[in-house]
> 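Sharing a structure with you now.
If you're wondering where the values come from, they're calculated on a predicted model, not measured in any experiment.
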Amino acid sequence: LSSAWAYYSLNDYSNASELANRVISLDKNNADAKNILKNVEEMQTSAMLQDAIALYEKADYKTALSALNTYLSKQTNDEYGLYYKGLTLDELKKNNDAVKIYKSIISKNPNFAEAYYSLAVDLDNMENYKDAVANYEKFVSLKNGQNDDMTKFSTARIKELKEYLASLKK
């Protein structure tokens, strides 16, 4: 079992898992071996998400979407994974699907600011300006005075859209 932990500490999850499984085959109730397997699975799952994000950042969106779907089959409610799936769908011009994901994230975590921003951008692009304004405003309120590029853009866009919507009422 100490060899399994040694492999685990060296990030050699395949050998760590193999040795832990051998121990479990001899002693089905071995808590340490089960713990190793649990840790290995968590590390492999985390690596799956990081690999998918790397594919997204390389603009390999189709492969990233496939990797995210595989990851989300194991971690179905992971907000971060879902968020990247939404971003990937946006890049693949599947905005309606991305909107559904952002709304799903928000329904589970109403404080996920970036989901509001991404939803607002999609709604804005779909010319659903009233709902876009509401989501930009929610994003800005959650950012609580931060002055990053997304917040600056959102604040400017709120002003532009409100002026445009007001001009339609005249």
> State, with a plain yes or no, whether a side-chain heavy atom of M126 is found less than 4.5 Å away from one of N96.
yes
> If hydrophobic clusters are built from ILVMFWY residues whose side chains come within less than 4.5 Å, do W5 and L37 share one?
no
> Going by distance alone, is a donor N or O of one side chain under 3.5 Å from an acceptor N or O of the other, for N35 and D32?
no
> Would Y8 and N15 count as a side-chain hydrogen bond (donor to acceptor under 3.5 Å, both in side chains) here? Give the steps.
CA-CA 8 Å; Y8 177 81; N15 281 322; over 6 Å; no
> How far apart are the closest heavy atoms of G81 and L68, and which atoms are they?
O-CD2, 3.8 Å
> If I take atom CG from residue N147 and atom NZ from residue K152, how far apart are they, to the nearest 0.5 angstrom?
4.5 Å
> With rounding to the nearest 0.5 angstrom, report the CG to CG distance, D97 to D90.
10.0 Å
> Quick check: closest heavy atoms across S154 and V140, and the distance to 0.1 Å?
CB-CG2, 3.6 Å
> What are the two closest heavy atoms between E79 and I105, and how far apart are they?
O-CD1, 3.9 Å
> Would you give the length of the straight line joining atom CG of L119 to atom OG of S104, rounded to the nearest 0.5 angstrom?
11.5 Å
> Are L49 and V40 linked, directly or through other ILVMFWY residues, by side chains that come within less than 4.5 angstrom of each other?
no
> Take N125 and D122 through the side-chain hydrogen bond (donor to acceptor under 3.5 Å, both in side chains) test and state the conclusion after the steps.
CA-CA 5 Å; N125 289 333; D122 278 348; 4.7 Å; no
> Which pair of non-hydrogen atoms, one from A98 and one from G86, has the smallest distance, and what is that distance?
CB-O, 3.4 Å
> Same cluster for I36 and I24 if Ile/Leu/Val/Met/Phe/Trp/Tyr side chains link at under 4.5 Å?
no
> Give a yes or no on whether I158 and L168 share a hydrophobic cluster (residues Ile, Leu, Val, Met, Phe, Trp, Tyr; joining criterion: side-chain heavy atoms under 4.5 Å apart).
yes
> Roughly how far, to the nearest 0.5 Å, is NZ of K94 from OG1 of T88?
11.0 Å
> To the nearest 0.5 Å, what is the distance between CG on L87 and CD on E57?
10.5 Å
> Once the angle between the rings of Y129 and Y164 is folded into 0 to 90°, is it parallel (under 30°), tilted (30 to 60°) or perpendicular (over 60°)?
perpendicular
> Please check if the side chain of S46 supplies one atom and the backbone of M43 the other of a donor-acceptor pair under 3.5 Å.
no
> Please confirm whether Y116 and F139 have ring centers closer than 6.0 angstrom.
no
> With under 30° as parallel and over 60° as perpendicular, where do the rings of Y83 and Y102 fit, or are they tilted in between?
tilted
> Run D148 and T151 through side-chain hydrogen bond (donor to acceptor under 3.5 Å, both in side chains) and show every step you take.
CA-CA 5 Å; D148 60 23; T151 305; 2.6 Å; yes
> Is the shortest distance from a Lys or Arg side-chain nitrogen in E41 or K38 to a carboxylate oxygen in the other one below 4.0 Å?
no
> May I ask you to check whether over 12 heavy atoms, not counting those of K108, lie within 6.0 Å of atom NZ?
yes
> Say you draw a straight line from OG1 of T45 to CD of E42; how long is it, rounded to the nearest 0.5 Å?
8.0 Å
> Check for a donor-acceptor pair, side chain of K34 on one end and backbone N or O of K28 on the other, with a separation under 3.5 Å.
yes
> State whether the side chain of S118 and the backbone N or O of A115 hold a donor-acceptor pair below 3.5 Å, judged by distance alone.
no
> More than 12 non-hydrogen atoms from neighbouring residues, nucleotides or ligands closer than 6.0 Å to NZ on K143, yes or no?
yes
> Give a yes or no on whether the backbone of S17 and the side-chain of N21 come within a donor-acceptor separation of less than 3.5 Å.
yes
> Would Q75 and M48 satisfy side-chain contact (heavy atoms from CB on, under 4.5 Å), going step by step from the backbone distance to the final call?
CA-CA 11 Å; Q75 298 290 324; M48 288 171 65; over 6 Å; no
> Transitively linked via ILVMFWY side-chain contacts under 4.5 Å: I106 with F112?
yes
> Looking only at side chains, do Y136 and D124 share a donor and an acceptor under 3.5 Å apart?
yes
> Is it the case that the side chain of S66 and the backbone of T63 share a donor-acceptor pair, with hydrogens and angles ignored and the cut-off at 3.5 Å?
no
> Is there a side-chain contact between L89 and N95, using heavy atoms and a 4.5 Å cut-off?
no
> Taking the basic N atoms (NZ, or NE/NH1/NH2) and the acidic carboxylate oxygens, is any pair closer than 4.0 Å for K162 and E137?
yes
> Does Y56 have any ring pair (Phe, Tyr, Trp, His ring centres under 6.0 Å) partners at least two apart in sequence or in another chain, and if so, which?
Y61, Y84
> Between A16 and A4, what is the shortest heavy-atom contact and its length?
CB-O, 3.4 Å
> How far apart are the closest heavy atoms of L55 and A67, and which atoms are they?
CD1-CB, 4.0 Å
> Begin from the C-alpha positions of Y117 and N135 and carry the test side-chain hydrogen bond (donor to acceptor under 3.5 Å, both in side chains) through to its verdict.
CA-CA 7 Å; Y117 176 82; N135 283 283; over 6 Å; no
> Can you see whether Y71 engages N69 through a side-chain donor-acceptor pair at a distance of less than 3.5 angstrom?
no
